[in-house]
Amino acid sequence: MKFNTKTIHGGQKHDPSTGAVMPPIYQTSTFAQKSPGQHQGYEYSRGENPTRSALENALASIEGGVAGFAFGSGLAAIDGVLKLFAPGDEIIAMDDLYGGSYRLFTRVYQKYGLVFHFVDMTNVDAVLEKMNDKTKMIWIETPTNPLMKVVDIEAVATKTKAINPEVFVAVDNTFASPYLQRPIELGADIVMHSATKYLGGHSDLVAGAIVVNSQQLAKDVHFNLFATGGILGPQDSYLVLRGIKTLAVRMDRHCANGIKVAEFLDAHPKVDQVYYPGLPSHPQHEIAKKQMKDFGGMVTFTLKSAKKEDAFTILENLHVFTLAESLGGVESLANHPATMTHASIPADKRAEIGITDDLIRLSVGIEDIEDLIEDLKQTLDRV
């Protein structure tokens with residue numbers, strides 16, 4: 001199947017009891033057994049639920065993996081991966097990444113003995129320099145949140161596995177979605193999504209997803225999901241599956257609007273820098289062209305005034321864009337990373353990475369582009 005067909009049919013079967021085209025919402029905690037241990041594949045919904053199984057099959061199909069797993073949130077999904085490791089194990093992570101990921105790494109798992117090294121993975125040599133015999137995983141985020149850096153997944157995977165084939169390469173693919181980028185095809189072992197975002201696509205659920213490339217990883221991740229209980233419920237599983245069916249058509253519109261917003265901002269006299277991999281000026285534009293189908297709907301920019309109060313004025317006076325956390329929904333959202341999504345990162349660390357107080361992140365939705373441009377124009381005129 002081609003990708004668009006997979007979003008509709010990949011890994012899916014009509015309900016065997018009724019022929020229902022869409023999988024039913026199996027709102028049940030337990031399943032009847034004919035005799036102790038004799039069941040029809042389902043015992044208890046923490047372990048398996050038919051609605052969640054339908055979603056997990058779809059996730060594996062669209063990412064090209066061996067198996068998929070649906071968690072209660074993106075952070076729960078990351079947690080399910082980190083539980084693969086033991087105290088003393090080391091993880092090399094991207095320096096620019098979602099604030100919640102940084103918080104989970106540094107304020108939770110460091111307490112339990114995992115060691116994290118944060119490096120700029122746009123320089124593959126920086127990753128290799130941190131590798132040693134305790135390195136167990138490379139955690140890539142690309143494009144990154146919020147600075148839109150692009151990491152060459154294939155180069156990182158090839159070079160790190162040449163040193164140690166047992167090291168896992170994991171990719172947070174949330175910003176790209178499987179429609180634009182499939183890390184397993186580029187050498188990754190694990191792909192993570194905040195399914196809250198583009199996979200769900202309608203800002204009406206919270207969910208996470210993991211897709212893996214081997215049966216052993218599938219067994220280990222499933223154990224963590226089952227044993228610690230961070231599952232996605234059947235109602236939200238149904239909603240993510242519904243969102244996946246329109247992923248391709250939505251992403252085409254996000255991308256078409258995203259580049260136009262980026263070009264408008266890039267030409268605006270009050271805008272200093274625009275971070276968008278679709279712009280030829282982006283430092284990793286050629287890498288993005290190589291490993292992504294298109295460039296997505298996330299755009300970040302700074303102001304020539306470099307003033308936090310100007311950023312706030314812009315954000316407070318938007319009419320079509322909504323000032324809110326999250327991203328990837330059909331509606332356009334605006335965010336102030338230093339105050340909102342990345343506030344959990346210490347100020348000195350934010351400054352070191354480049355998350356300044358005048359930085360604004362946009363999740364460009366699927367509205368008419370003329371309305372989005374006019375909204376940005378009228379609010380930029382106020383500063």
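This structure is a prediction, so every number in the text was calculated from the model and none was measured.
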Query raised in the report: Could you walk me through whether V151 and V171 pass the side-chain contact (heavy atoms from CB on, under 4.5 Å) check?
Result: CA-CA 10 Å; V151 178; V171 177; over 6 Å; no
So how far is it from [X] [atom1] to [Y] [atom2], rounded to the nearest 0.5 Å?
| X | Y | atom1 | atom2 | value |
| --- | --- | --- | --- | --- |
| T142 | L97 | OG1 | CG | 12.0 Å |
| L239 | I25 | CG | CD1 | 7.0 Å |
| E370 | K377 | CD | NZ | 14.5 Å |
| K83 | L114 | NZ | CG | 10.5 Å |
| M192 | F69 | CE | CZ | 15.5 Å |
| D152 | T122 | CG | OG1 | 10.5 Å |

So, the side chain of [X] versus the backbone of [Y]: is there a donor-acceptor pair under 3.5 Å, distance only?
| X | Y | result |
| --- | --- | --- |
| D375 | V320 | yes |
| T51 | P24 | yes |
| T7 | L247 | no |
| N317 | T313 | yes |
| E90 | T135 | no |
| E43 | G37 | no |
| N57 | S53 | yes |
| Y276 | M148 | no |
| T379 | I314 | yes |
| H193 | A195 | no |

[Y] versus [X], side-chain donor and acceptor atoms under 3.5 Å:
| X | Y | answer |
| --- | --- | --- |
| K2 | T5 | no |
| T18 | D15 | yes |
| T322 | E331 | no |
| E129 | H117 | no |
| D96 | Y102 | no |
| E141 | S101 | no |
| E367 | N257 | no |
| Y109 | D79 | yes |
| Q291 | Q181 | yes |
| D252 | Y179 | yes |
| R361 | N145 | yes |

Requested in this report: Show your working on side-chain hydrogen bond (donor to acceptor under 3.5 Å, both in side chains) between E48 and H222 and close with a plain yes or no.
Outcome: CA-CA 10 Å; E48 301 285 352; H222 179 265; 3.0 Å; yes
Indicate if [X] and [Y] have the same hydrophobic cluster label, given that clusters are the connected sets of ILVMFWY residues with side-chain heavy-atom separations under 4.5 angstrom.
| X | Y | value |
| --- | --- | --- |
| I231 | I210 | yes |
| I138 | I91 | no |
| V249 | L241 | no |
| Y275 | F321 | no |
| I190 | L104 | yes |

Looking at every non-hydrogen atom in both residues, tell me the closest pair between [X] and [Y] and how far apart they are.
| X | Y | result |
| --- | --- | --- |
| P277 | A288 | CB-CB, 3.9 Å |
| A176 | M251 | O-CE, 3.8 Å |
| V211 | L59 | CG2-O, 3.7 Å |
| S363 | G328 | OG-N, 3.0 Å |
| R250 | I366 | O-CG2, 4.0 Å |
| P337 | I355 | CB-CG2, 4.0 Å |

Report task. Kindly indicate, with the supporting measurements, whether the criterion side-chain hydrogen bond (donor to acceptor under 3.5 Å, both in side chains) is fulfilled by N173 and E63. Result -> CA-CA 10 Å; N173 201 28; E63 275 289 9; 2.9 Å; yes
Requested in this report: Test D294 against K289 for salt bridge (charged side-chain N to carboxylate O under 4.0 Å, His left out), laying out the working first.
Outcome: CA-CA 7 Å; D294 207 330; K289 283 172 61 177; over 6 Å; no
Report task. Using the six-membered ring of F226, assess whether NZ or CZ of R46 lies under 6.0 Å from its centre and within 45 degrees of the ring axis. Result ->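 Checked: cation-pi criterion met.
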Query raised in the report: So, for Y198 and H254, is the gap between ring centers shorter than 6.0 Å?
Result: yes
Requested in this report: Could you tell me whether F312 and H336 have their ring centroids closer than 6.0 angstrom?
Outcome: yes
Requested in this report: Evaluate side-chain contact (heavy atoms from CB on, under 4.5 Å) for L55 paired with I244, printing each intermediate quantity in order.
Outcome: CA-CA 9 Å; L55 169 60; I244 286 173; 3.7 Å; yes
Where does the angle between the aromatic ring planes of [X] and [Y] fall among parallel (under 30°), tilted (30 to 60°) and perpendicular (over 60°)?
| X | Y | value |
| --- | --- | --- |
| H342 | Y98 | perpendicular |
| Y42 | F31 | tilted |
| W139 | F105 | perpendicular |

Ion pair present between [X] and [Y], side-chain N to carboxylate O less than 4.0 angstrom?
| X | Y | result |
| --- | --- | --- |
| D189 | K161 | yes |
| D204 | R242 | yes |
| K149 | D120 | yes |

Requested in this report: Decide yes or no on side-chain contact (heavy atoms from CB on, under 4.5 Å) for L376 and L372, but give the supporting numbers first.
Outcome: CA-CA 6 Å; L376 292 169; L372 296 177; 5.5 Å; no
Query - Q235/Q27 under side-chain contact (heavy atoms from CB on, under 4.5 Å): CA gap, chis, key distance, verdict - result: CA-CA 7 Å; Q235 175 72 36; Q27 196 70 48; 4.3 Å; yes
Query raised in the report: Under the salt bridge (charged side-chain N to carboxylate O under 4.0 Å, His left out) criterion, do E56 and R52 qualify, and how do the steps go?
Result: CA-CA 6 Å; E56 291 172 337; R52 190 168 80 245; 3.6 Å; yes
